[in-house]
Amino acid sequence: MELDAQLNADLHCHSVVSDGTLTPEALAARAKAGGVQLWSLTDHDEIGGQQRALEAARAQGLAYLTGTEISVTFAGRVVHIVGLGFDHESPEMLEGLRTTRGGREARAREMAASLAGVGIEGAFEGALQYVGNPDLISRTHFARFLVDAGHCADVPEVFRRYLTEGKPGFVPHKWAALKDAVGWITRAGGIAVIAHPGRYDFTPTEEYALITEFIGHGGRGIEVVTGSHTAAEFAEYTDTALEFGLLASRGSDFHCPEESRVDLGALPPLASRLTPVWAELADRIHH
Ligand code: AMP
Ligand code: MN
Ligand code: MN
Ligand code: MN
């Protein structure tokens, strides 16, 4: 396997262990069917699915990198940091993620109380019905409940009307610190990657601060081709990766066959002038 920019690597997706709807095994099969050559399961704040994903990938003859997507609070905003190729038994990583997950249930109860204030009753119990991992109740589970209960037509509409800053159901939350998330990943032998940078609505100054602080803490990668970016953003973040000397990553951010815009393995490749993150992770790949 040539670890170049052409490789069909999909290093970002979610299973029932966080807010996806498929099991790690079903995702491995779907990745294989979609032509993926190197895969990673990156559940939010949780690596409880890694052993299953690793074994399912092996059964499919699919190369695998361990993964996670850590929720970080940076400058009062939420930023996601993907970790790739780390030791999934690292005690420091396990403890850090456990702490990051803590408080999700209390937050969910507050979200439900806020929704009850606008006449939507039973949202906590409703969202729980969609949760695969009781430790990881997320806004996505609330969104699925609000759609199925007839409050909104689809998940994007839920996020436009509810659950986001200034809207009913939004509850601010303090996630991990950038320095800690990058440190857990790096000290466990992996590479930290800024997830979907185009999604944050940062000013150029704020984005510069994020990238330089991230690099200062030992972060080395950035997602360029992701299901969360437009084609114009693929080009924009190709330039960003080159400008800052960051390794480029690629991943669909697949959550659910009915919800996700991009399927596993279906994105265009990285530009050949980029250095892919997987070129630096050869010895971390499970075959
Ligand atoms: P949480 O970690 O509980 O704050 O939930 C964040 C998750 O909500 C993200 O990982 C996405 O899966 C989902 N999400 C956030 N914003 C949107 C949006 N505008 N449309 C669809 N899904 C979204
Ligand atoms: Mn998600
Ligand atoms: Mn994300
Ligand atoms: Mn994601």
Side-chain angles (χ1 to χ4, degrees), residues 10-22 27 39-47 49 67-74 77-84 97 100-112 114-115 123-124 127-128 130-147 152-167 169-176 181 192-201 210 221-223 225-230 233 249-262 264 267:
D10 195 319
L11 306 182
H12 191 148
C13 70
H14 300 273
S15 76
V16 289
V17 173
S18 64
D19 61 349
T21 60
L22 302 185
L27 287 166
W39 176 53
S40 182
L41 171 67
T42 55
D43 279 308
H44 297 285
D45 308 327
E46 172 69 277
I47 54 176
T68 186
E69 181 177 20
I70 306 179
S71 312
V72 160
T73 300
F74 176 80
R77 315 265 272 280
V78 183
V79 167
H80 286 170
I81 300 295
V82 162
L84 297 171
L97 294 181
T100 307
R101 288 193 301 274
R104 273 190 181 264
E105 184 183 329
R107 169 195 187 228
R109 290 190 188 279
E110 283 187 54
M111 287 165 64
S114 168
L115 289 169
F124 180 78
L128 260 192
Y130 298 83
V131 168
N133 172 3
D135 241 17
L136 215 112
I137 182 163
S138 100
R139 285 186 290 162
T140 314
H141 302 112
F142 278 83
R144 293 188 183 128
F145 164 70
L146 289 176
V147 171
C152 290
D154 56 23
V155 168
E157 186 190 328
V158 176
F159 282 92
R160 282 196 302 275
R161 292 177 54 195
Y162 305 100
L163 312 183
T164 44
E165 190 129 26
K167 306 283 166 63
F170 180 76
V171 173
H173 193 74
K174 189 147 188 305
W175 303 104
V193 175
I194 298 175
H196 43 65
R199 276 239 317 248
Y200 303 128
D201 296 327
L210 169 66
I222 191 164
E223 284 186 345
V225 173
T226 128
S228 301
H229 282 175
T230 61
E233 287 168 331
S249 194
R250 173 180 185 268
S252 55
D253 207 354
F254 181 83
H255 282 70
C256 168
E258 291 78 34
E259 290 167 17
S260 294
R261 197 169 53 81
V262 179
L264 286 153
L267 287 167

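Side-chain atoms are counted along with the backbone in the values below, which use heavy atoms only and exclude waters and symmetry mates. As the structure lists them, so they are numbered: ligands from 1, and atoms in each ligand from 1.
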Minimal non-hydrogen separation, [X] against [Y], with atom names:
X      : Y      : answer
Glu223 : His229 : O-CE1, 3.6 Å
Ile137 : Val131 : CG1-CG2, 3.9 Å
His196 : Asp253 : CD2-OD2, 3.7 Å
Phe142 : Leu115 : CD2-CD1, 3.9 Å
Trp39  : Cys13  : NE1-SG, 3.3 Å

Side-chain donor-acceptor pair present, Asp45, Ser71, cut-off under 3.5 Å: yes
Residues His255 and Asp19: side-chain donor-acceptor under 3.5 angstrom: yes
Protein residue, atom and distance nearest to atom 19 (N) of ligand 1, heavy-atom basis: Phe159 CB, 3.4 Å
Nearest non-hydrogen protein atom, atom 6 (C) of ligand 1: Arg139 NH2, 3.7 Å
Number the atoms of ligand 1 from 1 as they appear, then name those within less than 4.0 Å of a heavy atom of [X], with their elements.
X      : value
Val155 : 21 (C)
His255 : 12 (O)
Arg107 : 1 (P), 3 (O), 4 (O)
Asp19  : 7 (C), 10 (O), 12 (O)
Ser138 : 3 (O)

Within 6.0 Å of NZ in Lys167, more than 12 heavy atoms from elsewhere: yes
From Val158, Leu163, Thr140 - option closest to atom 13 (C) of ligand 1 by heavy atom: Thr140
Cys13 backbone or side-chain N/O/S under 2.8 Å from the Mn ion (ligand 4): no
N, O or S atom of His80 closer to the Mn ion (ligand 4) than 2.8 Å: no
Side-chain donor or acceptor of Arg77 paired with backbone N/O of Asp201 under 3.5 Å: yes
Reported CG-to-OG distance for the pair Leu41 and Ser18, which is rounded to 0.5 angstrom: 7.0 Å
Ligand 1 contact by His141, heavy-atom criterion under 4.0 angstrom: no
Contact with ligand 1 for Arg104, non-hydrogen, under 4.0 angstrom: yes
Atom nearest to the Mn ion (ligand 4) - Glu69, N, O or S atoms considered: OE1
Shortest-distance N, O or S atom of Asp253 relative to the Mn ion (ligand 4): OD1
Ligand 1-proximal atoms of His44, by part, heavy-atom distance under 4.0 Å: side chain
